[in-house]
Amino acid sequence: MSAPQVCHTVAEMTALREQLSAEGKTLALVPTMGALHAGHLALVARARELADVVVVSIFVNPLQFGAGEDFDRYPRTLDVDVAALAGHADYVFAPAAEEVYPERVGGPAVPAQKAGSVGDTFEGASRPGHFDGVLTVVARLFDIVKPDVAVFGQKDAQQVFLVRELIQKLGLPIQLDVLHTIREADGLALSSRNRYLSEEERQAALALPHALLAVAHEAQHGNAASVREVGRSVFEKYPLVRLDYLDLVDPTNFQRVSDDYQGPATVVVAAVVGTTRLIDTENLERLHA
Ligand code: PAF
């Protein structure tokens, strides 16, 4: 299995894109921050189905981390990641921060993207500016790589919603493909941050998938109020876990639904286990008033 070719500069990536376009090849991009796991490989496999060439970007984006967050300790494992992508991806784009944000070395400023009011809720309420940083880097990656398709994981439901809005707002000719969450056998959603968890915390982290199961069960007959209550009550059994939010949103606008809402809903949950922030999500077919 051949290892993907690694591009470190915008110039290399641009030349590659031009060559592929000249050859009439379509390109799928899987944006990541590295520390790849089976969830990322599932995104790459999906990308492979959708385009001739698969590019995985690996960049730990400083703009999406707040003060006191895990930017410094975020795992940087480029060699292992490139090896894991052998036979799966064709290219890895792993730029330095100065390549992505040339203004850091006196170059032109990259346009800052704003996530708007949805960006200030849920993850954004606890991590101010996070989604502005995510959208700024995603727009920049889209501009450099010019993918025909971009593949994202559903686990980051709010990110997916905002990236979809970004694509529409900028009028980009990019198809957004969203893959369901990949889970461990016991239900924990795969995340690069799971590696921070001690054994005890790893057990406690099951609060999130257990709450989602309880929510799905209650949603078979309950309304939004009872579904929220049942989901949140699961966390009372997990003293190591601090629930940040568990809520229900309308997937069409990412607004919190009212107690008498009827229709499809997305459950979003975030909790801190020890010092590790985890998120998860599930789509519910229908809520009953
Ligand atoms: O989901 C992630 O890993 C990041 O938010 C992304 C999309 C790669 C932007 O840095």
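Counting convention: from 1, in listed order, for ligands and their atoms alike. Predicted model only: the values in this text are computed from it and were never measured.
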Exercise for the section: Provide, to 0.1 Å, the distance between atom 3 (O) of ligand 1 and the closest protein heavy atom, together with that atom's residue and name. Expected result: Met33 CG, 3.7 Å
Handout entry: Ring-face cation of Arg232 near Tyr238 (centre distance under 6.0 Å, axis angle within 45°)
Key = no
Practice task
In plain terms, say whether Asp280 and Arg193 are close enough for a salt bridge, that is, a side-chain N and a carboxylate O under 4.0 Å apart.
Solution key: no
Completion exercise
Closest non-hydrogen contact found for Val257 with Ala224 is CG2-CB, 3.9 Å
Problem - Heavy-atom closest contact (Ala270 atom, Ile279 atom, distance) - result: CB-CG2, 3.8 Å
Problem - Gln64, His130, Gln159, His40: member with heavy atom nearest to atom 10 (O) of ligand 1 - result: Gln64
Completion exercise
The atoms of ligand 1 lying under 4.0 Å from a heavy atom of Val137, numbered in the order shown, are 9 (C), 10 (O)
Completion exercise
Sequence neighbours excluded, the answer for ring pair (Phe, Tyr, Trp, His ring centres under 6.0 Å) partners of Phe152 is none
Handout entry: Numbered atoms of ligand 1 (with element) below 4.0 Å of Thr32, judged on heavy atoms
Key = 8 (C)
Exercise for the section: State the atoms of ligand 1, each with its element, that fall below the 4.0 Å cut-off from a heavy-atom position in Phe152. Expected result: 7 (C)
